[in-house]
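Data block below; observations after.
Below, chain A is the first sequence line, B the second, and so on; all start at residue 1.
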Protein chains: 2
Amino acid sequence: MAQTAQTAWWTQPAALGDQPHYLSIRDHIVRRIESGDLPAGAKLPSERQLQTGTGIARGTIREALFQLEAEGLIYRRDRSGWYISPPPIVYDPTRWAGFMTYVSEQGRTPTTTTLSAELAGAPQAAAEVFGIEVGAPLYTLRRRRSIDGRAVLVEDIRVSPSLAPGLLKHPLDGSLTQILKREYGISVARNRVDMWPCALTKAEAAALAAKPGTPGLLIVRTSFDAQGRIVEYDREYWRHDAMHIHVDISVPPVA
Amino acid sequence: MAQTAQTAWWTQPAALGDQPHYLSIRDHIVRRIESGDLPAGAKLPSERQLQTGTGIARGTIREALFQLEAEGLIYRRDRSGWYISPPPIVYDPTRWAGFMTYVSEQGRTPTTTTLSAELAGAPQAAAEVFGIEVGAPLYTLRRRRSIDGRAVLVEDIRVSPSLAPGLLKHPLDGSLTQILKREYGISVARNRVDMWPCALTKAEAAALAAKPGTPGLLIVRTSFDAQGRIVEYDREYWRHDAMHIHVDISVPPVA
DNA sequence: GAGTGGTCTAGACCACCTT
DNA sequence: AGGTGGTCTAGACCACTCA
């Protein structure tokens, strides 16, 4: 006898115009979000609940939800439900601060979980970057990072064992850059960053409790020291709604 | 009696494993792309054609197509069909080259179409950036840019009329930065760039012959001259599969 | 174990692009 | 005018999460 809503979650198709139903539903939910009715992190009613009393097919409801997901307004936890997305973190690839730092600076709480840490054979892409044979050993770190408890990215980091022998003996849940500096005296002099929109594949999606195919952002960072040696090679898979890139650059004096 | 294929486009569900059908279909198409069978720009068979002989519902076929779209491998022209995406353009927000320049440098052919050019009232966002009243006049330029004939972005540019009086009299299909420099002696000393994944809304989607909701990338650029005056305020809506961001930065000497 | 989203079918009609 | 994708319905069953 749980108080199952018999009444529609929205009064009536709510919108009008000649736009498709799913967009009207979208608009309605957006209004609920903007009104503060649904704060960040809140869970939406279930898809079937959203249908009740409306005569709308579940597929249509889902269409609206997918639209909102693409816009970055909501996200889903696989087979759990739909939630309102928190505001994105601003990320500046030009700065040298790590994840822990800039998330904290923005008044949010960062967390890191190390999923695996091992000496593993280099895959194709990593081998090319390091200029070594495919299968040659590299420290390989897989970590999940969260903001305010929400998993937002998984990353694979590769470090050459000749550069930082015994790396895995150190605590790996904090800033790797810090460890390399403090324990090995290695600091970064140059950063190469590539980013592009992607879809999360099975492995990354699973680590983020997302569905495979969820829109994401892939960031590949290669950092070098003053001698041009590779310090880290890092691939980060982000939920696409979790970040916002900001760069501020002054023109070089002459050039 | 057109030679309508009675046979399935793929021999059989092609894949296996315990993954969902739509992913098997996806995998099959990926293989066709990788094999060179479907070159960039090629049109896929119609959704109904992809069904023939397979016993698979159209919705499932579409699921596979959406997946490939999210991955950036294919794109659609609204109500026309699905096409193989060409490789992305590499964009470096750190460099001062404009669209025409870096697209050409990469061996591709850039095109620009001016959709509208007028003196219009500033909307909220622009007014804040320029520090003027909402509704105050700004030169407003809407352009569509294409690569090898494929529309990849639409942009809204705002320029202060006090900075560049008579701007609209010049040819606007080339580099605006060049015009500002050559005709008004204004050059850019600082660039502020913000980017985030988004979904194309009705207006932008229409200009790109895309469906509203198509994944996109929004780039907002504000450029300043040496005196700190705003030179351009530019909002670019990109098809998400059309670009790839690349930044290469050296650490400042001391800090 | 109840409830959630994930997958899938088999239709239908429409708006629009293409020729 | 014919064909395309876009929207929508009304079911069904499954895998998984969560309490």
B:Arg79 has an atom CZ; how far is it from atom P of D:dG5, in whole Å? 11 Å
NA contact type, A:Arg62, heavy-atom cut-off 4.0 Å: base, sugar-phosphate, or nothing? base
Please report the distance, rounded to the nearest Å, between CZ in A:Arg76 and P in C:dG3. 22 Å
Can you name the nearest heavy-atom pair linking A:Arg235 to A:Ala125, along with the distance? NH1-CB, 4.4 Å
More than 12 foreign heavy atoms under 6.0 Å from NE2 of B:His21: is that the case here? no
Atom CD of A:Gln51 and atom P of C:dG5 are separated, to the nearest Å, by 10 Å
Polar atoms only, N or O, under 3.5 Å: list the protein pairs with nucleotides 9-12 of chain D and their distances.
{"residue": "D:dT9", "atom": "OP1", "partner": "A:Gly55", "partner atom": "O", "Å": "3.4"}
{"residue": "D:dT9", "atom": "OP2", "partner": "A:Ala57", "partner atom": "N", "Å": "2.8"}
{"residue": "D:dT9", "atom": "OP2", "partner": "A:Thr60", "partner atom": "OG1", "Å": "2.7"}

Length of the CD-P vector between A:Glu63 and D:dG5, whole Å: 16 Å
Can you check the B:Tyr22 OH to D:dC14 C1' distance for me, whole Å? 14 Å
Check this for me, if you would: do A:Glu71 and A:Arg26 make a salt bridge, where the nitrogen-to-carboxylate-oxygen distance has to be below 4.0 angstrom? yes
SB check A:Arg158 A:Glu232 (cutoff 4.0 Å): no
Taking C:dT18, D:dG5, D:dC18 as options, the one with an atom nearest any side-chain atom of A:Ser80 is D:dC18
Shortest non-hydrogen contact from B:Ala57 to B:Gln51? C-NE2, 3.7 Å
Does the side chain of B:Glu69 pick up a donor-acceptor pair with the side chain of B:Trp82 at under 3.5 Å? no
When the distance from CG of B:Leu50 to C1' of D:dG5 is rounded to whole Å, what number comes out? 12 Å
What nucleotide among C:dG5, D:dG5, D:dC18 has an atom nearest to a side-chain atom of B:Ser46? D:dG5
In whole angstroms, how far is the P atom of C:dG6 from the CG atom of A:Leu200? 14 Å
Here the distance between atom C1' of D:dC8 and atom CZ of A:Phe66, to the nearest Å, is 15 Å
Distance-minimising heavy-atom pair for B:Tyr22 and A:Pro212: OH-O, 4.5 Å
Less than 4.0 angstrom between a side-chain N/O of B:Lys43 and OP1 or OP2 of D:dT4, yes or no? no
